[in-house]
Amino acid sequence: MALLPPCSETFKRTLLRATATARAKGRTHPGPQDLLIALIEDEDASPVMQACGIDLTRLRRDVETAGATDPTTGLGHLLQLAFNEAQLSERAVVTGADMLVELFAEPVGRFLSAQGATRYDALVYLSHGIAKGAPADVEADRSAVPDLEVVLLNDPYTPAEFVVFVLENVFGMSRERATAIVFATHARKRGSCGIFPRAEAVALREKIQNLAAARQHPLRCVLLAAHAAPDQDRPLPN
């Protein structure tokens, strides 16, 4: 019997609920639909669902009405996928939120997408606390300063390779400089891409956010006021 990866205490209780539901219906192992119903009451997953605009009452009704139509071979592969993602995020245990993210890519994810929710919505909320449809904090966009600093915010889900791609293609940076900014962003939780005139900075941020959304990565870029910044603070092209 395969050992479960390390799980949070909250998620362990969720797994027990899913198992009890499956056994009450005559099944030995819980399936993805049992787990999705159990996650509705999970302390970590439930707020994410609500932030994605999911009506939890409707979700429960839809899943229970459909019955166990997905293959029920256990949840081992999903748990391993979630644990792998947790390790990449430098976390030691799997939570219900981790499992919810994995379920978006499974057939059972159709119940979530039926309400307009996406994996991207979940990742943006988990990374930055921004609920679906909520306006992001545009920070210095409200100020009158002529120059703005373009700053990337660290998150545990966007691959470093994608951030390097953005820096190379949006700012024309060399791979060496782009990699250095990626490391700085990870270490300091934010990394500067340089200082630009307001209109140019706004356009750069828009391009970055569009690229990230198209690739379903929660990378976020903000603009901060810059006062009399020297030219050397701006990234240089190759």
Side-chain angles (χ1 to χ4, degrees), residues 7-11 13-14 36 38-59 81-105 109 112-113 115-143 148-160 162-163 166 181-193 201-202 204-225:
C7 300
S8 69
E9 292 302 315
T10 297
F11 185 51
R13 292 193 291 272
T14 296
L36 182 55
L39 285 173
I40 291 173
E41 299 176 21
D42 185 275
E43 294 175 14
D44 296 307
S46 183
V48 180
M49 293 187 198
Q50 292 174 301
C52 291
I54 294 173
D55 181 328
L56 300 184
T57 301
R58 174 187 163 185
L59 178 63
L81 287 172
F83 182 59
N84 292 344
E85 288 292 333
Q87 285 188 310
L88 290 174
S89 304
E90 300 181 352
R91 291 178 288 108
V93 297
V94 174
T95 69
D98 295 319
M99 283 302 301
L100 177 65
V101 169
E102 296 304 325
L103 290 182
F104 274 100
L112 303 170
S113 61
Q115 295 197 40
T118 67
R119 182 176 184 273
Y120 176 71
D121 297 330
L123 292 180
V124 168
Y125 179 74
L126 288 168
S127 299
H128 307 296
I130 301 173
K132 182 176 182 177
D137 182 5
V138 294
E139 302 198 28
D141 280 9
R142 293 188 294 268
S143 72
L148 296 173
E149 183 179 15
V150 180
V151 177
L152 296 181
L153 301 184
N154 186 56
D155 73 74
Y157 297 100
T158 302
F162 177 74
V163 183
V166 166
I181 290 177
V182 169
F183 282 125
T185 303
H186 180 71
R188 303 170 188 168
K189 305 307 179 186
R190 57 175 56 197
S192 176
C193 300
V202 170
L204 287 169
R205 182 184 65 183
E206 187 74 12
K207 190 171 184 179
I208 292 169
Q209 299 297 174
N210 288 340
L211 279 172
R215 301 291 182 87
Q216 296 288 285
H217 297 312
L219 179 66
R220 185 178 174 224
C221 176
V222 296
L223 305 178
L224 304 178

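We use all heavy atoms of the structure for the numbers below, so side chains are in, but hydrogens, waters and symmetry mates are not. The model shown is predicted, which means the values in this text are computed figures rather than measured ones.
- Remark: side-chain polar atoms of Q115 are paired, donor with acceptor, to backbone N or O of D55 under 3.5 angstrom.
- Applying the side chain to side chain contact (heavy atoms under 4.5 Å, CB included) test to R215 and every residue at least two apart in sequence or in another chain returns F162, F165, H217.
- The minimum heavy-atom distance between S8 and D44, with the atom names listed, is OG-OD2, 4.3 Å.
- In this structure, CG on L152 lies 12.0 Å from CZ on R205, to the nearest 0.5 angstrom.
- The side-chain heavy atoms of C221 and L153, taken from C-beta on, include no pair separated by under 4.5 Å.
- Put simply, the side chain of M49 reaches to within 4.5 Å of the side chain of L59, judged on heavy atoms.
- At least one side-chain heavy atom of L36 sits under 4.5 Å from a side-chain heavy atom of L103.
- The heavy-atom pair separating Y120 from A212 by the smallest distance is CE1-O, 4.3 Å.
- The two atoms that bring A225 and L148 nearest to each other are CA-CD2, 4.1 Å, heavy atoms only.
- Judged as a side chain to side chain contact (heavy atoms under 4.5 Å, CB included), and not counting sequence neighbours, the contacts of D98 are A82, A86, R91, V94, T95, Y157.
- Put simply, the side chain of V202 does not reach to within 4.5 Å of the side chain of E206, judged on heavy atoms.
- Proximity of R13 to E43: side-chain heavy atoms (C-beta onward) are separated by under 4.5 Å at one or more points.
- Under the side-chain contact (heavy atoms from CB on, under 4.5 Å) test applied with I54, the options V48, L112, L100 reduce to a single match, L112.
- A distance-only check finds a donor-acceptor pair linking the side chain of S46 to the backbone of I40 [under 3.5 Å].
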Chi angles and distances behind the side-chain contact (heavy atoms from CB on, under 4.5 Å) call for C7, V93: CA-CA 5 Å; C7 300; V93 297; 5.7 Å; no

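- Considering all non-hydrogen atoms of both residues, Y125 and A51 come closest at CD1-CB, 3.4 Å.
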Audit row: R190, N154, side-chain contact (heavy atoms from CB on, under 4.5 Å) steps and yes/no: CA-CA 5 Å; R190 57 175 56 197; N154 186 56; over 6 Å; no

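- Shortest non-hydrogen contact noted between T118 and C52 is O-SG, 4.4 Å.
- A distance of 7.0 Å separates OG in S192 from CD1 in I181, rounded to the nearest 0.5 Å.
- Shown here for L219 and T158, the closest heavy-atom pair between the two residues is N-OG1, 3.1 Å.
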side-chain contact (heavy atoms from CB on, under 4.5 Å) assessment of T185 paired with V163: CA-CA 10 Å; T185 303; V163 183; 5.9 Å; no

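- Taking the side chain as every heavy atom from C-beta outward, F11 and M99 approach each other to under 4.5 Å.
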Trace of the side-chain contact (heavy atoms from CB on, under 4.5 Å) decision for S127 with R220: CA-CA 9 Å; S127 299; R220 185 178 174 224; over 6 Å; no

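- Here the side chains of D155 and H128 are in contact, with some heavy-atom distance below 4.5 Å.
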